[in-house]
Amino acid sequence: WAQMEDGPKKNLALCKKAMSPFWDESVPTNWLTDVFLEARASLTQGGDSPTSSQIGFPTGRPPITFGSLFTGIGAGHEALRAVPHQWIFAVECDRYCCDVLRELPAGPSLLLQQKIETVDMDMLPPVDLLLASPPCQGFSRAGRQRPDDPRRHHWRDIERYARANHPLCVVVECVVPFRTSPEHRELTAALQRLRYFVESKVLKSEEFGSKQRRHRVFLVAMKTQLIQLSTRSLPWPLETGRDVRTLGETILEAEVHPRYYLSERGLAYLERRRRTWGTKEHRREDTGMMPTWCHSYGNNSVHFKHVVNDSGKRKLTPLEVWRLMGWHSNPCTNLSDTRSYQAAGNSIDLHVLRPLLKGCAERVQTLRAQHRRQIYEEEAERLHLNEELGDASNVHVPMGELELMSTDEEEDDYLRSSPPS
């Protein structure tokens, strides 16, 4: 700190290095400089070194609160692992997914295992960031796409929570046909009526480093306070390009249990699929993409779209499937392989979700930091005003005269006749 004689701007890099454990990029530089000048003045006057709490310096980015509807096994919580956050609530009706959520070391504070249409949204706590991934069977081209499918109307549950608790940011994930559906237009209009700025985009997971072609539409809605932090734009993630590494380097295990290799019956079934629809076998040295991993693949003993020719033809292991989805480990170790496959097919690819939620969370953190800075400045202004006017407790007012102040008019007359010194 003694090297700051040439001015704070020239030595700002030294300031950042010295206070790296407490550095917060969201705090304006001029305020940080003022903090160091105040600290240096205290040292030059022979005082003790002030702590960060004494000078009001933030010790890190403020944590955000997070909630999830149609939670699954908690992809949103995993995507926010690098962001300080508190998982407030989760709503999920599948009991197997709820078993996984209960085993998480930092799981949701409130877990509701029930159908979402039975949830009273007014009773759920408010959060900063809400993630919802409603069922896609009513919109998916792999399904019947019936207009009367009740699963197409779960957008109303998202709108119910937004109307009741007004989260700062709402993120919705679904299949691509949802974007052109009437339900998408109705959800967008409902959020706009609640003073949200709404946009939706189709994000391709292979353009974010994933090894599967998984195209999903993401709808992001933000309150006006967050939009004003930028030029009316949402924090959409930038594409990082395709991963050119081989499957053996990215997702495939070195050693695989023999039970994952196809039996004679499975090989015969694979040949029938090959002649009828065509299949593709993947090898360790392949650098291409795999097809989308779907929930329905968990019901088949042979995953004909994800066959690996590795000293014999086999299906993917649960760990390989979760690596394909962007996880580093299998979160469903307490479930059967079939349940683990289904949970992975219902989940969200973390290669896309992780940068998207991180950008939304940073926008919320910036707003929190600005509020914190405003509180600091208001407190500093109040203290400065007290120093100029003096402490009001030192002004002596006779009790007899104080008792006469029964009305505002009498108090004004008293001040005009006897102004305080």
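Keep in mind that what you see is a predicted model, and the values were worked out from it rather than measured. In what follows, residues are counted from 1 in the order of the sequence shown.
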For F208 and V352, which heavy atoms make the closest approach, and how far apart are they?
CD1-CG2, 3.8 Å
Residues R81, E78: salt bridge by 4.0 Å N-O rule
yes
Criterion side-chain hydrogen bond (donor to acceptor under 3.5 Å, both in side chains) on S347 and W322, from CA distance to verdict
CA-CA 10 Å; S347 186; W322 285 106; over 6 Å; no
To the closest 0.5 Å, what do you measure between CG (L324) and OG1 (T292)?
9.0 Å
For the backbone of Q212 and the side chain of S210, can you confirm whether one donor and one acceptor N or O come within less than 3.5 Å of each other?
yes
Non-hydrogen side-chain atoms of Y196 and K223 separated by less than 4.5 Å
yes
Inter-residue atom distance M290.CE - L316.CG, 0.5 Å rounding:
5.0 Å
Is there a donor in the side chain of N334 and an acceptor in the side chain of E103, or the other way round, less than 3.5 Å apart?
no
Only one of L357, L356, V170 passes side-chain contact (heavy atoms from CB on, under 4.5 Å) with V220; say which it is.
L356
Which residue is it: I251, T287, T250? I am looking for the one with a side-chain contact (heavy atoms from CB on, under 4.5 Å) to D243.
T250
Set out, in order, the CA-CA distance, both residues' side-chain angles and the distance that settles side chain to side chain contact (heavy atoms under 4.5 Å, CB included) for M222 and C360, then state yes or no.
CA-CA 9 Å; M222 282 190 170; C360 296; 3.9 Å; yes
Flag side-chain contact, heavy atom, 4.5 Å: H282 against L252:
no
Looking only at heavy atoms, what is the nearest atom pair of Y161 and P126, with distance?
OH-CA, 3.5 Å
How close do K211 and R245 get, heavy atom to heavy atom, and via which atoms?
NZ-O, 2.6 Å
Give a yes or no on this: more than 12 heavy atoms of other residues, nucleotides or ligands lie within 6.0 Å of atom CZ of R102.
yes
Go through it in stages, so that I can follow the logic: the residues are R274 and E271, the test is salt bridge (Lys or Arg N to Asp or Glu O under 4.0 Å), and I'd like the CA-CA distance, side-chain angles, deciding distance and then a yes or no.
CA-CA 5 Å; R274 188 195 307 276; E271 290 302 320; 3.4 Å; yes
Closest non-hydrogen contact found for R160 with I116 is NH2-O, 3.2 Å
Is Y341 close to K315 at the side-chain level, that is, under 4.5 Å between some pair of heavy atoms?
yes
Show, in sequence, the C-alpha distance, side-chain angles and deciding distance for E117 and H154, and conclude whether the side chain to side chain contact (heavy atoms under 4.5 Å, CB included) test is met.
CA-CA 8 Å; E117 56 267 23; H154 280 304; 3.4 Å; yes
Look only at the side chain of Y96 and the backbone of S340, and say whether a donor-acceptor pair between them is shorter than 3.5 Å.
no
Does the side chain of W155 reach to within under 4.5 Å of the side chain of L191, using non-hydrogen atoms?
no
What do you reckon, is CD of E264 surrounded by more than 12 foreign heavy atoms closer than 6.0 Å?
no
Is any side-chain heavy atom of L124 closer than 4.5 Å to one of L110?
yes
Side chains of R265 and Y269 only: does a donor on one sit below 3.5 Å from an acceptor on the other?
no
Donor-acceptor pair, E207 side chain versus E239 backbone, under 3.5 Å?
no
Taking the side chain from N330 and the backbone from C332, do they hold a donor-acceptor pair closer than 3.5 Å?
yes
Residues that H77 engages under ring-ring contact (aromatic ring centres under 6.0 Å, His included), provided they are two or more places apart:
H85, W87
I need the minimum non-hydrogen distance between E186 and R156, along with the two atoms involved.
OE1-NH2, 4.3 Å
Quick check: are there more than 12 heavy atoms from other residues, nucleotides or ligands sitting under 6.0 Å from NZ of K358?
no
Which distance, rounded to the nearest 0.5 Å, do you find between the SG of C93 and the CG of L112?
12.0 Å
Flag the pair R193 and E159 as a salt bridge only when some basic side-chain nitrogen lies within less than 4.0 angstrom of an acidic carboxylate oxygen.
no
Identify every side-chain donor-acceptor pair in residues 172-184 under 3.5 Å, counting partners at least two apart or on other chains, and give the distances.
residue	atom	partner	partner atom	Å
E173	OE1	S133	OG	2.5
R179	NE	S200	OG	3.4
R179	NH2	S200	O	2.9
T180	OG1	P177	O	3.2
S181	OG	F178	O	2.6
S181	OG	H184	N	3.3
E183	OE1	R152	NH2	3.1
E183	OE2	R152	NE	3.4
H184	ND1	R179	O	3.4
H184	NE2	S200	OG	3.2

Is the closest side-chain heavy-atom distance between L353 and L131 below 4.5 Å?
yes
For I88, is there any backbone N or O sitting under 3.5 Å from a side-chain donor or acceptor partner on Q86?
no
Taking the side chain as every heavy atom from C-beta outward, state whether K280 and P291 have any atom pair closer than 4.5 Å.
no
Is the number of heavy atoms from other residues, nucleotides or ligands within 6.0 Å of CZ (R259) greater than 12?
yes
Carefully, step by step, assess D286 and R283 under the rule salt bridge (Lys or Arg N to Asp or Glu O under 4.0 Å).
CA-CA 5 Å; D286 290 348; R283 300 179 181 273; 5.8 Å; no
If you take all heavy atoms of P331 and V100, which pair is closest and at what distance?
O-CG1, 3.4 Å
Reported CG-to-CG distance for the pair N165 and D122, which is rounded to 0.5 angstrom:
7.0 Å
Under a 4.5 Å cut-off applied to non-hydrogen side-chain atoms, are M121 and R163 in contact?
no
